[in-house]
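By convention here, the first residue in the shown sequence is residue 1.
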Amino acid sequence: MAGTRWRRITDLLLLLLLIGCSASQIHASSEYEVDSIFYEPFSESFEGRWIVSSKDEYQGVWKLSKSEGHDDYGLLVSEKARKYAVVKEMDKAVSLADGTVVLQFEVRLQNGLECGGAYLKYLRPQEAGWKAEEFDNESPYSIMFGPDKCGSTNKVHFIFKHKNPKSGEYVEHHLKDPPSVPSDKLSHVYTAILKPDNEVRILIDGEEKKKANFLSNKDFEPALIPAKTIPDPEDQKPEDWDERLKIPDPNAVKPDDWDEDAPMEIEDEDAVKPEGWLDDEPEEIDDPEATRPEDWDDEEDGVWEPTKTDNPKCSLAPGCGEWKKPMKHNPAYKGKWSPPMIDNPSYKGIWKPREIPNPDYFETEKPNFEPIAAIGIEIWTMQDGILFDNMLIADDEKVAESVRLTTWKPKFETEKEKQKAEEEAAGLSDGLSSYQKKVFDLLYKIADVSFLDAYKPRIIELIEKGEKQPNITIGVIVSVVVVLLSIFFKILFGGKKPAVVTVPEPSRAAAARTSHDEGSSGEKEDEIEKEEAAAPPPRRRSARRET
């Protein structure tokens, strides 16, 4: 009896110990949630917790879905060519005014991304004038962060809205030269770290890609702090202001022997008809192999006539038909006379309006960010398979790093190994794959150089062709180099047009291409419609020969 009683006491003590351990784990988990401020792993249904916009324009269906090849779930964009909008209200608004704030989330572009967004909007409190059920593009946000790729746009946005204390208007400030979106179909984690010293750092997969300062006019467009002066909108150029650097010489006189009516070309009187020229043979004859279509109707289609083909006799002779003397340059041609240009004695330079104090100018030591009260996804995309996961807001960089290593890193390594195996099976060496990725990343950075803006769409088009057809990577590099050389020579020597470069293009349906507004899914839709309208109509069979 004593032994049995002792065993029961021991079992009871073990049970109490297990309960204590479980309680400590629950407590530790609660502390982690508090430390992370907000964390959404999508480990359970999002319905009831996330609110899908009820507006008619958002027809895209959100689904809780596993990431391909994993047991991990995420929020999935399930349909192509749709607008999507969903929002999650937080229990408590997050202040961005003091201390470090870390924004982080994962995105996997399982089917790639040709035209669409995969960014988050960190929204202001609803007192700013929006409702969760009516969440749309106009809902006021404090920060927009994440990938966006379409046409010449390929960037990881970081945009913040700031209220001008003088004008009372909210202004969008865009990060200059943001990093490019990774071009593969693997899971990637995007991190924005806002520091109390006005610094913001953008990380992709834990690696710093961009560092900026909120107050620097070199880092954001437009600058947070406006210019002290602006051109006076009321100032007008004087009527007698002469901006012409050169003027026609008023004392110049056209020479007496200047014939403005002389033609540019004249008939070559010394030309002789080549021997063997076939004057009586036409250049084209009826095609002897042409047959009348069975469905040809003379009443509807007209009298059928065979198509024309080159006269084979002409290929054996210098030429056919009526011979005419060729034209040559007229040595007497001078064209229309115009007086030479001379320096303008009345030249005053290019007129500019006077500068006046900017009524919207203000100074600040740090941005006055609005708090974050909700996280929303509001996108227009042509691709499905976009999977969002592990959304985090924290006040400690180490928390974000821990989440990356625990949730993202294992998935990424598994996906990389699978991708490597698939490439090896397809006959591609790992060295070549790595080389191609580095090449495309470098080319995207080249395309973002400011003085290449006029040529950026062409360069982006070449890069995207290379991504779709890895076997033409070298051709893409050569093509981009040719474009850059043509620009260089145009700058150096002048020229009318840059070189036209083509590379092999895979057959594909017309893809929508545009840029985010940057923050508007509506403009993507407008651009897509413009491209469809610009597509050439199908060719029609010619019913009859013109007479």
Peer 1: Give a yes or no on whether the backbone of Asp279 and the side-chain of Trp323 come within a donor-acceptor separation of less than 3.5 Å.
Peer 2: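 Checking the backbone N and O of Asp279 against the side chain of Trp323, no donor-acceptor pair under 3.5 Å is found.
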Peer 1: Check this for me: Asp240, atom CG, are more than 12 non-hydrogen atoms of other residues, nucleotides or ligands nearer than 6.0 Å?
Peer 2: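 Counting neighbours around CG of Asp240, more than 12 heavy atoms of other residues, nucleotides or ligands fall under 6.0 Å, so yes.
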Peer 1: Please give me the minimum heavy-atom distance between Val181 and Pro147, naming the atom from each residue.
Peer 2: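 Minimum heavy-atom separation between Val181 and Pro147: CG2-CB, 3.8 Å.
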Peer 1: Residues two or more places apart in sequence or in another chain: which of them pass salt bridge (Lys or Arg N to Asp or Glu O under 4.0 Å) with Asp136?
Peer 2: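 So Asp136 forms a salt bridge (Lys or Arg N to Asp or Glu O under 4.0 Å) with Lys55.
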Peer 1: Using side-chain heavy atoms (C-beta onward) and a distance below 4.5 Å, is Tyr122 in contact with Met144?
Peer 2: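 With C-beta onward as the side chain, the pair stays apart.
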Peer 1: Out of the candidates Lys420, Arg108, Lys185, only one should pair with Glu415 under the salt bridge (charged side-chain N to carboxylate O under 4.0 Å, His left out) rule; please name it.
Peer 2: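 Per the salt bridge (charged side-chain N to carboxylate O under 4.0 Å, His left out) rule, the option paired with Glu415 is Arg108, out of Lys420, Arg108, Lys185.
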Peer 1: Is the ring pair Phe160/Phe158 parallel, tilted or perpendicular, if the boundaries are 30 and 60 degrees?
Peer 2: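 The rings of Phe160 and Phe158 sit tilted, inter-plane angle from 30° to 60°.
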Peer 1: Does atom CD of Gln236 have more than 12 heavy-atom neighbours from other groups under 6.0 Å away?
Peer 2: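 Not more than 12 within 6.0 Å, no.
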Peer 1: State, with a plain yes or no, whether a side-chain heavy atom of Glu79 is found less than 4.5 Å away from one of Tyr84.
Peer 2: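 Yes; the side chains approach each other to less than 4.5 Å.
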Peer 1: Taking only residues two or more places apart in sequence, or in another chain, which ones meet Lys411 in a side chain to side chain donor-acceptor pair (under 3.5 Å)?
Peer 2: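 For Lys411 the side chain to side chain donor-acceptor pair (under 3.5 Å) partners, ignoring immediate neighbours, are Asp72, Glu106, Asp389.
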Peer 1: To the nearest 0.5 Å, tell me how far Asn217 CG sits from His173 NE2.
Peer 2: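 Separation between the atoms: 12.0 Å.
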Peer 1: If the condition is side chain to side chain donor-acceptor pair (under 3.5 Å), which residues does Glu269 pass it with, not counting sequence neighbours?
Peer 2: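 Listed in chain order: Lys325.
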Peer 1: Which residues satisfy the side chain to side chain donor-acceptor pair (under 3.5 Å) test with Lys63, sequence neighbours excluded?
Peer 2: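 By the side chain to side chain donor-acceptor pair (under 3.5 Å) rule, Lys63 matches no residue at all.
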Peer 1: Rounded to the nearest 0.5 Å, what separates atom CD in Glu243 from atom CG in Leu245?
Peer 2: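 So the CD of Glu243 and the CG of Leu245 are separated by 11.0 Å.
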Peer 1: Would one find more than 12 heavy atoms of other residues, nucleotides or ligands at under 6.0 Å from atom CG of Asp297?
Peer 2: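 Buried by this count: over 12 neighbours within 6.0 Å.
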Peer 1: Please determine whether side chain to side chain contact (heavy atoms under 4.5 Å, CB included) holds for the pair Val107 and His188, giving the CA-CA distance in whole Å, both sets of side-chain angles, and the decisive distance to 0.1 Å.
Peer 2: CA-CA 6 Å; Val107 169; His188 293 283; over 6 Å; no
Peer 1: Go through Asn311 and Glu283 one step at a time and tell me if the side chain to side chain donor-acceptor pair (under 3.5 Å) criterion holds.
Peer 2: CA-CA 5 Å; Asn311 187 345; Glu283 293 183 1; over 6 Å; no
Peer 1: Taking Ser78 for its side chain and Val61 for its backbone only, find out whether a donor-acceptor pair lies under 3.5 Å.
Peer 2: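 At least one qualifying donor-acceptor pair exists.
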Peer 1: Looking only at non-hydrogen atoms, find the nearest pair between Ser180 and Val156 and report the distance.
Peer 2: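 Where Ser180 meets Val156 most closely, the heavy atoms are O-CG2, 3.8 Å.
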Peer 1: Using a strict cut-off of less than 4.0 Å between a Lys/Arg side-chain nitrogen and an Asp/Glu carboxylate oxygen, indicate whether Lys328 and Glu267 qualify as a salt bridge.
Peer 2: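 No, no charged N to carboxylate O under 4.0 Å.
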Peer 1: Look at the side chain of Trp277 and the backbone N and O of Gly321, then say whether any donor-acceptor pair between them is shorter than 3.5 Å.
Peer 2: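 Present.
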Peer 1: Looking at Phe388, I want to see if its CZ is surrounded by more than 12 non-hydrogen atoms of other residues, nucleotides or ligands under 6.0 Å.
Peer 2: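 Check passes, neighbour count above 12.
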Peer 1: Less than 4.5 Å apart, any side-chain heavy atom of Arg292 and any of Asp298?
Peer 2: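 Yes, close enough: below the 4.5 Å cut-off.
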Peer 1: Give me the atom names and distance for the closest heavy-atom approach of Ile285 to Pro312.
Peer 2: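 Answer, listing the atom of Ile285 first, then Pro312: CD1-CD, 3.8 Å.
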Peer 1: Is any side-chain heavy atom of Tyr190 closer than 4.5 Å to a side-chain heavy atom of Phe105?
Peer 2: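 Yes; the side chains approach each other to less than 4.5 Å.
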Peer 1: Do the side chains of Lys409 and Asp205 get close enough for a salt bridge, i.e. N-O under 4.0 angstrom?
Peer 2: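 No, no charged N to carboxylate O under 4.0 Å.
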Peer 1: Please confirm whether the ring centroid of Trp62 lies under 6.0 Å from the ring centroid of Phe46.
Peer 2: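 No - the distance between ring centres of Trp62 and Phe46 does not fall below the 6.0 Å cut-off.
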Peer 1: May I ask you to decide whether Lys334 forms a salt bridge with Asp261, counting only side-chain N to carboxylate O separations under 4.0 Å?
Peer 2: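 No, Lys334 and Asp261 are not salt-bridged.
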Peer 1: Quick one: disulfide bond (SG atoms under 2.5 Å apart) pairs with a partner in residues 255-320, sequence neighbours left out?
Peer 2: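 Output for this query lists Cys314-Cys320.
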Peer 1: Checking the side chain of Trp258 only, and the main-chain atoms of Gly335 only, is there a donor and an acceptor separated by less than 3.5 Å?
Peer 2: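 Yes, because the side chain of Trp258 sits within donor-acceptor range (under 3.5 Å) of the backbone of Gly335.
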Peer 1: When you compare the side chain of Lys83 with that of Ile379, does any pair of heavy atoms fall below 4.5 Å?
Peer 2: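 They are not in contact (no side-chain heavy atoms under 4.5 Å apart), so the answer is no.
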Peer 1: Is the closest side-chain donor-acceptor distance between Glu265 and Tyr333 under 3.5 Å?
Peer 2: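 Checked: Glu265/Tyr333 side chains show no N/O donor-acceptor pair below 3.5 Å.
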Peer 1: Could you check Leu75 against Val86 for side chain to side chain contact (heavy atoms under 4.5 Å, CB included), going step by step and ending with a plain yes or no?
Peer 2: CA-CA 10 Å; Leu75 188 60; Val86 66; 4.0 Å; yes
Peer 1: Can a salt bridge be assigned to the pair Lys308 and Asp286 using a cut-off of 4.0 Å between side-chain N and carboxylate O?
Peer 2: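 Yes, this pair counts.
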Peer 1: Got a second to check how far Lys418's NZ is from Glu413's CD, nearest 0.5 Å?
Peer 2: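 Atom-to-atom, Lys418:NZ and Glu413:CD are 15.5 Å apart.
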Peer 1: Given side chain to side chain contact (heavy atoms under 4.5 Å, CB included), test Val189 with Gln104 step by step and report yes or no.
Peer 2: CA-CA 7 Å; Val189 58; Gln104 182 171 285; 3.5 Å; yes
Peer 1: How about NZ on Lys80, more than 12 heavy atoms from neighbouring residues, nucleotides or ligands closer than 6.0 Å, or not?
Peer 2: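 Count not over threshold, so no.
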Peer 1: Between Thr414 and Pro410, is there a donor-acceptor pair closer than 3.5 Å when you use the side chain of the first and the backbone of the second?
Peer 2: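 Answer holds: yes.
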Peer 1: Kindly give the heavy-atom pair with the smallest separation between Gly117 and Thr381, and that separation in Å.
Peer 2: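 What the structure gives for the nearest pair is N-CB, 4.4 Å.
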Peer 1: side-chain hydrogen bond (donor to acceptor under 3.5 Å, both in side chains) with Tyr141: which of Lys161, Lys121, Glu172?
Peer 2: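 Filter result, single survivor: Glu172.
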Peer 1: Ignoring hydrogens, what is the shortest heavy-atom contact between Tyr58 and Ser53? Give both atom names and the distance.
Peer 2: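 Result for this residue pair: CD1-OG, 3.7 Å.
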Peer 1: Is the distance between the ring centroids of Trp50 and Phe42 less than 6.0 Å?
Peer 2: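 Yes - the distance between ring centres of Trp50 and Phe42 falls below the 6.0 Å cut-off.
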Peer 1: If you define the side chain from C-beta out and look only at heavy atoms, does anything of Leu64 sit under 4.5 Å from Tyr73?
Peer 2: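 A side-chain contact exists here, since the closest heavy-atom pair is under 4.5 Å.
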Peer 1: Taking the basic N atoms (NZ, or NE/NH1/NH2) and the acidic carboxylate oxygens, is any pair closer than 4.0 Å for Glu208 and Lys210?
Peer 2: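 A salt bridge is absent here (no side-chain N lies under 4.0 Å from a carboxylate O).
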Peer 1: Which distance, rounded to the nearest 0.5 Å, do you find between the CG of Asp384 and the CG of Leu109?
Peer 2: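 Asp384 atom CG to Leu109 atom CG measures 11.5 Å (nearest 0.5 Å).
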Peer 1: Run the side chain to side chain contact (heavy atoms under 4.5 Å, CB included) check on Val87 and Glu134 step by step: do they pass?
Peer 2: CA-CA 10 Å; Val87 64; Glu134 299 176 1; over 6 Å; no
Peer 1: Would you say Leu120 and Met391 make side-chain contact, with heavy atoms under 4.5 Å?
Peer 2: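 With C-beta onward as the side chain, the pair touches.
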Peer 1: Checking His70 against Glu68: is there a side-chain donor and acceptor pair closer than 3.5 Å?
Peer 2: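 No.
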Peer 1: Check whether Trp296 reaches the backbone of Gly302 with its side chain - one donor and one acceptor, N or O, closer than 3.5 Å.
Peer 2: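 Present.
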Peer 1: So, taking the atom named CD in Glu221 and the one named CD1 in Ile159, what distance separates them when rounded to the nearest 0.5 Å?
Peer 2: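 If we round to the nearest 0.5 Å, Glu221:CD and Ile159:CD1 are 12.0 Å apart.
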Peer 1: With sequence neighbours left out, write down each residue that passes side-chain contact (heavy atoms from CB on, under 4.5 Å) with Asn251, or none if nothing qualifies.
Peer 2: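 Once residues adjacent in sequence are excluded, the partners of Asn251 under the side-chain contact (heavy atoms from CB on, under 4.5 Å) criterion are Asp249.
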Peer 1: Taking Lys155 first and then Asp148, would you say they form a salt bridge - that is, a charged N and a carboxylate O separated by under 4.0 Å?
Peer 2: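 Judged by the 4.0 Å cut-off on N to carboxylate O distance, Lys155 and Asp148 do not form a salt bridge.
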Peer 1: From Asp242 CG over to Lys237 NZ, what is the distance, rounded to the nearest 0.5 angstrom?
Peer 2: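 Output value for this atom pair is 9.0 Å.
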Peer 1: Can you see which heavy atom on Asn330 is nearest to which on Pro263, and at what distance?
Peer 2: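 What the structure gives for the nearest pair is ND2-O, 2.8 Å.
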